[in-house]
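Atom set for the values below is all heavy atoms of this structure, side chains included, hydrogens, waters and symmetry mates excluded. Just so it is clear, the structure is predicted and the values come from calculations on it, not from any experiment.
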Amino acid sequence: MTLHQTPPALPAEPAARTDRLPPRPAALDEEARRAREQRDAQVRGVPSIAGMRDAIRAAARALPAIGAVPRIRRPDAATFRARAAQGLPFLIEGVVGRWPLCALGPDALREQFGDVPVRARVGDYINTAFAPDRAMQDMSLRAYLDLVASPAPGLPPYVGNLELRAMNHLCHWPAYFDRMGPPRFWLGPAGTITPLHCDYDDNIFAQLRGTKRIMLAPPHHDAYLYVREANPVLFGSPVDAEAPDFERYPLARQATLIEVIVKPGDMLYVPAGWYHQVHALAFSLSCNRWARGVPFALRSM
């Protein structure tokens, strides 16, 4: 199957635009789901998202097994792309630490961006992670930082997967991808968790402040992870990759789970289709961008 198509140009983002929260997502009926899948395929330059998913899983079966994620130092675009074409995750050093946003702690964030609106995940956002009606609370960044400064029992509120355009100019993204989606920010104290899931886009994840434990599993191990589709390019798993419940999910014994500790200044490349679970070990600020194109691991097909 030929995966390549000429993708359409993405519309330019307005040069000056105030931050505002997007509408909350709604559940899609079958017609809307099919239309979204067609748009997703067009944006990524592939004939179909289902075909892309199948090709990613098939390519992953030929990958060598790894027990650790390697580190490389400040690759240029050509080096990054050659490495990404191998289909395996890797850490990049020497890029993110130079970004101005890395120097801002909670007090500086409160002072400079306190009025920026944010949307926090609240309640049990692990078991409802991929539901369109999961609990959210809208507030200012200042109010959020005040809220998490006084911990309460249960999961701490989590600002996740949110565009914060006011901070974009403080991040200097390398041109590893031909086209990227907008930066998405992740902010919260120790204990915030994004449960195990995969995105069918190549991903670069920048750790700006704090430390996170990320658990990874290869795409074809979805057969062991009891996955469910949230949307055509997002699949979630109920398995806790840090402490799998093998009585409840016995097939998870067969899954390869790889731990990587991401520290301030690190950038992690997560290939399309790789499952990952993210756990903040300290107050953390992270930012990621997803590629918009054929995944690197499939470009030779």
Side-chain angles (χ1 to χ4, degrees), residues 19 21-22 24-25 89 91-92 95-97 99-106 108-110 112-113 116-123 125-126 128-130 134-145 147-149 155-168 170-173 180-199 201-216 230 234 236 241-242 260-270 274-291:
D19 279 297
L21 295 173
R24 299 193 183 194
L91 277 164
I92 298 168
V95 174
V96 175
W99 295 1
L101 192 53
C102 291
L104 302 185
L109 290 173
R110 180 185 285 104
Q112 297 187 34
F113 302 106
V116 171
V118 299
R119 177 168 293 153
R121 304 172 182 187
V122 296
Y125 51 79
I126 294 179
T128 61
F130 308 108
R134 62 186 173 185
M136 300 280 196
Q137 187 174 344
D138 295 349
M139 63 190 81
S140 69
L141 179 58
R142 180 180 298 106
Y144 172 74
L145 292 172
L147 179 65
V148 299
L155 285 169
Y158 188 15
V159 171
N161 197 14
L162 193 66
E163 290 186 53
L164 298 175
R165 294 181 179 88
M167 298 182 186
N168 285 353
L170 299 176
C171 300
H172 301 156
W173 293 92
M180 292 187 283
R184 314 289 293 196
F185 289 87
W186 309 77
L187 176 69
T192 57
I193 295 175
T194 301
L196 192 63
H197 70 286
C198 83
D199 312 285
D201 288 306
D202 289 330
N203 179 10
I204 46 176
F205 178 93
Q207 187 65 9
L208 307 172
R209 191 171 191 88
T211 300
K212 288 185 171 179
R213 177 187 294 117
I214 300 182
M215 304 297 297
L216 298 165
L234 173 64
E242 293 178 281
V260 57
I261 301 299
V262 182
K263 300 177 181 180
D266 284 343
M267 176 179 282
L268 177 65
Y269 170 64
V270 182
W274 275 74
Y275 284 82
H276 48 291
Q277 176 171 306
V278 184
H279 183 177
L281 305 180
F283 183 92
S284 292
L285 175 61
S286 314
C287 189
N288 83 293
R289 297 185 79 172
W290 286 286

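Under a 3.5 Å cut-off, the side chain of Arg289 and the backbone N or O of Gly181 do form a donor-acceptor pair.
Distance check: Ile193 CD1 to Tyr125 OH gives 7.0 Å after rounding to the nearest 0.5 Å. The distance from atom CZ of Phe205 to atom SG of Cys287, rounded to the nearest 0.5 Å, is 9.0 Å. Between the CD1 atom of Ile126 and the OG1 atom of Thr194 there is a distance of 9.0 Å, given to the nearest 0.5 Å. The CG atom of Leu141 lies 6.5 Å from the CG atom of Leu109; values are rounded to the nearest 0.5 Å. Note that CH2 of Trp290 is 13.0 Å distant from CE of Met180, once rounded to the nearest 0.5 Å. Residue Gln112 holds its CD atom at 5.0 Å from CG of Leu104, rounded to the nearest 0.5 Å.
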Q: May I have the step-by-step check of side chain to side chain contact (heavy atoms under 4.5 Å, CB included) for Val96 and Cys102, ending in yes or no?
A: CA-CA 8 Å; Val96 175; Cys102 291; 3.8 Å; yes
Q) Please walk me through it: do Ser140 and Phe113 pass side chain to side chain contact (heavy atoms under 4.5 Å, CB included)? A) CA-CA 9 Å; Ser140 69; Phe113 302 106; over 6 Å; no
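The side-chain hydrogen bond (donor to acceptor under 3.5 Å, both in side chains) check on Arg209 picks up nothing, with sequence neighbours excluded.
Residues Asp199 and His197 come closest through the heavy atom pair OD2-NE2, 3.5 Å. Nearest approach of Val116 to Ala166, heavy atoms of both residues: CG2-CB, 4.0 Å.
A heavy-atom distance below 4.5 Å is not found between the side chains of Met215 and Tyr275. You'll find the side chain of Phe130 reaches within 4.5 Å of the side chain of Leu234, heavy atoms only. When side chains are defined from C-beta on, Ile214 counts as touching Leu268, because their heavy atoms get closer than 4.5 Å. With a 4.5 Å cut-off on side-chain heavy atoms, Arg119 and Gln137 do not count as touching. When side chains are defined from C-beta on, Leu101 counts as touching Leu285, because their heavy atoms get closer than 4.5 Å. Residues Ser286 and Leu208 fail the side-chain proximity criterion, which asks for heavy atoms closer than 4.5 Å. With contacts defined as side-chain heavy-atom distances shorter than 4.5 Å, the pair Tyr144/Leu187 qualifies. Residues Val122 and Met136 are not in side-chain contact: their nearest non-hydrogen atoms beyond the backbone lie 4.5 Å or more apart.
For the 3.5 Å distance criterion, the side chains of Arg184 and Asn288 fail to qualify, holding no donor opposite an acceptor. Residues Asp202 and Tyr269 bring a donor and an acceptor atom of their side chains to less than 3.5 Å of each other.
Only one option out of Val260, Ile204, Asn203 pairs with Val270 in a side-chain contact (heavy atoms from CB on, under 4.5 Å); it is Asn203.
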